[in-house]
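Report on one structure; see the data block that follows.
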Amino acid sequence: MAGYFTNILSGTKSLLVGLSITQREFFKKPVTLQYPWESLEMTPRYRGHIQLVKDGETGTHKCISCGLCDKGCPSGCITVKGEKQEGVKVKVLVRYDLDFTKCSLCGQCIDNCKPGAIEFSKEYNLASTRKEDFYYDLLKRLKEQK
Amino acid sequence: MSSQTASQNKEHFEINLGPQHPATHGVLRVKLLMDGEYVVDAEPVLGYIHRMHELMGENRTWAKYLPNMGRLDYLSALSYNLGYVELVEKMAAIEVPERAEYIRVITTEMNRISSHLLWFGAFVLDLGGFTPLLYAFDDREHILDLLESVTGSRLTYCYFRFGGCSNDVEDEFLTGCLTFIKRLRSRMPMYHNLVTKNVILMQRLEGVGPVSAEMCRKYGATGPVLRGSGINYDVRKNEPYSVYPEFDFDVPVYNECDSMARYMVRMDEMDQCMRIIEQAIAKIPEGPVMAAKVPKMIKPAAGDYYHAVEAARGTFAIRAVSEGKNQAYRMKLRSPTFSNLSLFQEASKGMLLADALAFMGSIDLVIPEIDR
């Protein structure tokens with residue numbers, strides 16, 4: 001019988017201790033971010049979808065259309081098209097397509113890229129109901145960045 | 001008991017737990033044969049999110065299989081990353097620089113804490129307590145921010161590479177880890193006061209869901225389930241890999257074999273993770289984070305290879321058979337939760353339905369890893 005009452009007492013005490021903890025928390029400032037009104041700045045290493053790096057000197061991309069990003073991609077979401085042009089030693093990039101619906105952001109394309117022509121973007125507010133919105137023409141995107 | 005003979009009893013009825021049920025934490029379906037409030041038989045039905053990860057390992061190159069590792073157990077993805085890269089390094093005899101090994105240990109242990117924190121919140125949520133989940137997520141958020149600043153992603157990491165890590169860590173990350181450890185240490189007594197010593201939780205867990213050591217052996221259960229049954233087995237101690245032998249840490253073991261024991265193992269494990277991280281940060285050497293010579297196309301010598309690591313839920317092991325080509329002939333993933341779930345059918349017999357759910361929570365299931 002004595003155990004019965006000590007159980008009730010210790011049980012009530014444990015509940016009161018818990019309540020005091022939650023009550024203290026009640027008066028603290030919120031730890032969450034009020035999202036639509038505030039938003040986070042992404043860290044420099046944040047992995048968004050890839051994009052072409054803009055070369056500060058030439059004002060254009062550094063891609064030599066070697067296709068190593070395409071070959072190294074586990075999901076096959078990159079298509080690079082380059083063509084020979086007169087007077088230029090390397091192939092000239094004419095199209096760089098990314099199918100972001102398949103991408104798993106592993107970063108192997110960036111590891112493979114010798115000239116450092118691609119990087120992760122910092123975009124994270126991506127939402128759409130249409131699949132086509134995630135097929136990116138990165139060359140066009142680079143030109144629009146100006 | 002097969003469900004056919006059991007269902008001949010007219011008092012029995014069948015209900016489906018899942019595939020869409022919050023307590024199963026994913027698309028797991030358990031066919032329950034009930035006698036009133038009591039479980040007569042529980043048959044897990046798997047395969048709802050089977051994605052053929054093993055087959056994918058057999059038809060793509062070694063490097064292209066890397067991102068798959070983050071999609072098995074998405075809550076402790078780095079342990080799986082580690083298991084796979086260490087296996088391939090063993091196969092191709094790639095030497096990993098020491099700094100990279102230390103970074104791997106620090107990030108993996110941080111990931112283990114975040115996984116246990118999420119389990120803690122979700123488990124108490126299963127039992128009907130909502131508040132601790134929010135507190136645990138508050139702490140977990142700090143880990144995710146720290147890991148994001150290094151790996152670039154928050155959940156499905158793909159950070160380790162054959163021969164090292166994809167990038168170095170800054171001092172801010174290391175000091176951030178220490179600040180976080182200080183914070184979590186100060187919060188642990190709060191968690192124990194709020195949850196562990198709570199009378200309702202104690203009565204829901206103590207003596208519920210007995211899993212004997214013999215049953216663990218029978219089903220191959222590992223991790224906190226095994227350690228909660230009184231067996232001191234941790235791959236980090238028993239088959240050491242990476243730089244774990246250099247750290248001084250204990251393996252928490254409880255002999256009670258009930259849900260409370262498994263709960264306590266995980267809570268104590270977080271303390272041990274913090275000890276490992278502190279020691280690793282104190283000892284981390286300078287140097288490169290990638291091996292100097294990593295072959296572009298990895299073609300390991302023909303043979304049968306096996307490597308096991310301690311993930312947050314138990315022993316994760318990979319067996320790969322190589323034919324000397326750039327992709328595996330056979331890739332077998334041994335996932336801890338699959339074995340841990342297997343004992344549910346036997347252990348849950350005769351339990352009350354509410355206890356069976358508490359027991360399921362204490363096994364800590366991650367369904368994508370069971371189905372692979």
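Atoms considered below: every heavy atom in the structure, side chains included; atoms not considered: hydrogens, waters and symmetry mates. Here the structure is a predicted model, which means the values were calculated and not measured. Order of the sequence lines sets the chain letters (A, B, ...), proteins ahead of strands, with each chain counted from 1.
- At a threshold of 4.5 Å between non-hydrogen side-chain atoms, the residues B:E170 and A:R45 count as touching.
- Heavy atoms closer than 4.5 Å to chain B are found in the backbone of A:K71, but not in its side chain.
- Neither the backbone nor the side chain of B:Y65 comes within less than 4.5 Å of any heavy atom of chain A.
- Contact between B:P67 and A:Q108 at its shortest, heavy atoms only, is CD-NE2, 3.7 Å.
- Counted within 6.0 Å of CE on B:M190, heavy atoms from surrounding residues, nucleotides or ligands total more than 12; the atom is thus considered enclosed.
- Of the candidates B:V195, B:N193, B:T131, B:N193 is the only one forming a side chain to side chain contact (heavy atoms under 4.5 Å, CB included) with A:I21.
- Proximity to chain A is limited to the backbone of B:T151, based on heavy atoms less than 4.5 angstrom apart.
- Heavy-atom distances place the side chain of B:S166, and not its backbone, under 4.5 Å from chain A.
- The environment of A:Q85 atom CD is dense: over 12 non-hydrogen atoms of other residues, nucleotides or ligands sit within 6.0 angstrom.
- For B:N167, the part sitting under 4.5 Å from any heavy atom of chain A is the side chain, from C-beta outward, and nothing else.
- Between chain B and the residues A:G107, A:P74, A:S104, the most heavy-atom pairs under 4.5 angstrom are made by A:P74.
- Heavy atoms of B:L134 lying under 4.5 Å from chain A are absent altogether.
- Considering A:N7, A:T12, A:L15, A:I8 as possible partners of B:V199, the one that fulfils the side chain to side chain contact (heavy atoms under 4.5 Å, CB included) test is A:L15.
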Query raised in the report: Checking side chain to side chain contact (heavy atoms under 4.5 Å, CB included) for the pair A:T22/B:Y135: CA distance, chi angles, key distance, verdict?
Result: CA-CA 10 Å; A:T22 46; B:Y135 296 179; 3.6 Å; yes
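- Shown here is B:K325, whose NZ atom has no more than 12 heavy atoms of other residues, nucleotides or ligands within 6.0 Å.
- Within a 6.0 Å sphere centred on OH of A:Y135, other residues, nucleotides and ligands contribute more than 12 heavy atoms.
- Within a 6.0 Å sphere centred on NZ of A:K81, other residues, nucleotides and ligands contribute 12 heavy atoms or fewer.
- For the atom pair CZ of B:R60 and OG of A:S75, the computed distance is 6.5 Å after rounding to the nearest 0.5 Å.
- Contact of the A:T43 side chain with the B:V150 side chain is not registered, since no non-hydrogen atoms from C-beta on lie closer than 4.5 Å.
- Annotation: maximal heavy-atom pairing with chain A below 4.5 Å, among B:R161, B:Q203, B:M56, B:M202, occurs at B:R161.
- Crowding of A:E41 atom CD: a count of heavy atoms from other residues, nucleotides or ligands under 6.0 Å not exceeding 12.
- With rounding to the nearest 0.5 angstrom, the CG atom of B:D138 is 9.0 Å from the NZ atom of A:K28.
- One finds the OG atom of B:S149 at 14.0 Å from the OH atom of A:Y46 (value rounded to the nearest 0.5 Å).
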